[in-house]
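Notes follow the structure.
Residue numbers run from 1 in the order of the sequence given. Note that these values count all heavy atoms, side chains included, but never hydrogens, waters or copies made by symmetry.
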Amino acid sequence: QVKLVESGGGLVQAGGFLRLSCAASGGTFSSYAMDWFRQAPGKEREFVAAISRGGGSTTYAESVKGRFTISRDNAKNTVYLQMSSLKPQDTATYYCAAGPRFPNDGSYYIPHWGQGTQVTVSL
């Protein structure tokens, strides 16, 4: 069973930056495509970014393109989300997810999810 643990969330002012991490255990990390999703209060979960197994390919939601960067270190079993130029509308709980398919914006089943880390962006 793959376990995913996110970290790095917090409170930041608009225009600031944060780096989220997601550490994986219990599986072969390099065999999974990795994704970041987010969910704001009262809203549906939405796709943020995805990265292929080897890290050579990435995709982003239009709302974060140019501001967020997804990366992974297969030697450390960790995926990252570097977030810059943060906006109040980026406030949400951020989840990492692992699955067999890339790209996957949530249209296909993703079997493994973390518990989430809260990101709050203030004015």
Quick check for you: to the nearest 0.5 Å, what is the distance between [X] atom [atom1] and [Y] atom [atom2]?
| X | Y | atom1 | atom2 | result |
| --- | --- | --- | --- | --- |
| Ser84 | Gln82 | OG | CD | 6.5 Å |
| Gln115 | Ser7 | CD | OG | 13.5 Å |
| Cys22 | Tyr80 | SG | OH | 10.5 Å |
| Leu18 | Thr120 | CG | OG1 | 9.5 Å |
| Asp73 | Ser30 | CG | OG | 11.5 Å |

Exercise. Would you find more than 12 non-hydrogen atoms of other residues, nucleotides or ligands less than 6.0 Å from Gln39 atom CD?
Worked result: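 Yes, enclosed.
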For this session: Verify the neighbour count for atom CD of Gln89: are there more than 12 heavy atoms of other residues, nucleotides or ligands below 6.0 Å?
Result: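 Atom CD in Gln89 is packed in, count exceeds 12.
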Closest contact, heavy atoms only, [X] versus [Y]:
| X | Y | answer |
| --- | --- | --- |
| Val121 | Thr91 | N-OG1, 2.9 Å |
| Gly9 | Leu20 | N-CD2, 3.6 Å |
| Arg67 | Leu86 | NH1-CA, 3.9 Å |
| Arg38 | Ser63 | NH2-OG, 3.5 Å |
| Ala14 | Leu123 | CB-CA, 4.4 Å |
| Leu81 | Tyr94 | CD2-CD2, 4.1 Å |

For this session: Would you please say whether a donor-acceptor pair under 3.5 Å links the side chains of Gln118 and Thr93?
Result: yes
For this session: Examine Met34 and Ile110 and state if one hydrophobic cluster contains both, with Ile, Leu, Val, Met, Phe, Trp and Tyr joined whenever side-chain heavy atoms are less than 4.5 Å apart.
Result: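 Shared cluster, no.
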Exercise. Would Val119 and Phe68 show up in the same hydrophobic cluster when neighbours are defined by side-chain heavy atoms closer than 4.5 Å?
Worked result: yes
Exercise. Under the 6.0 Å and 45° cation-pi test, does Arg101 pair with Tyr108?
Worked result: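 The answer is yes, since Arg101 meets both limits relative to Tyr108.
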Seminar exercise, completed: The ring-ring contact (aromatic ring centres under 6.0 Å, His included) partners of Phe37 (sequence neighbours excluded) come to Phe47, Trp113
Problem set entry | With sequence neighbours excluded, residues passing ring-ring contact (aromatic ring centres under 6.0 Å, His included) with Phe29 | none
Exercise. Side chains of Pro100 and Pro111: does their closest heavy-atom pair fall under 4.5 Å?
Worked result: yes
For this session: For residues Leu11 and Ser122, determine if any side-chain heavy atom of one lies less than 4.5 Å from a side-chain heavy atom of the other.
Result: yes
For this session: Could you please spell out the steps behind the side-chain contact (heavy atoms from CB on, under 4.5 Å) verdict for Ser57 and Phe102?
Result: CA-CA 9 Å; Ser57 297; Phe102 174 86; 3.5 Å; yes
For this session: Show your reasoning for whether side-chain contact (heavy atoms from CB on, under 4.5 Å) applies to Tyr32 and Arg53.
Result: CA-CA 5 Å; Tyr32 293 101; Arg53 294 175 182 83; 5.8 Å; no
For this session: For Trp36 and Ile70, run side-chain contact (heavy atoms from CB on, under 4.5 Å): C-alpha distance rounded to whole Å, both residues' side-chain angles, the deciding distance at 0.1 Å, then the answer.
Result: CA-CA 8 Å; Trp36 286 97; Ile70 188 171; 3.5 Å; yes
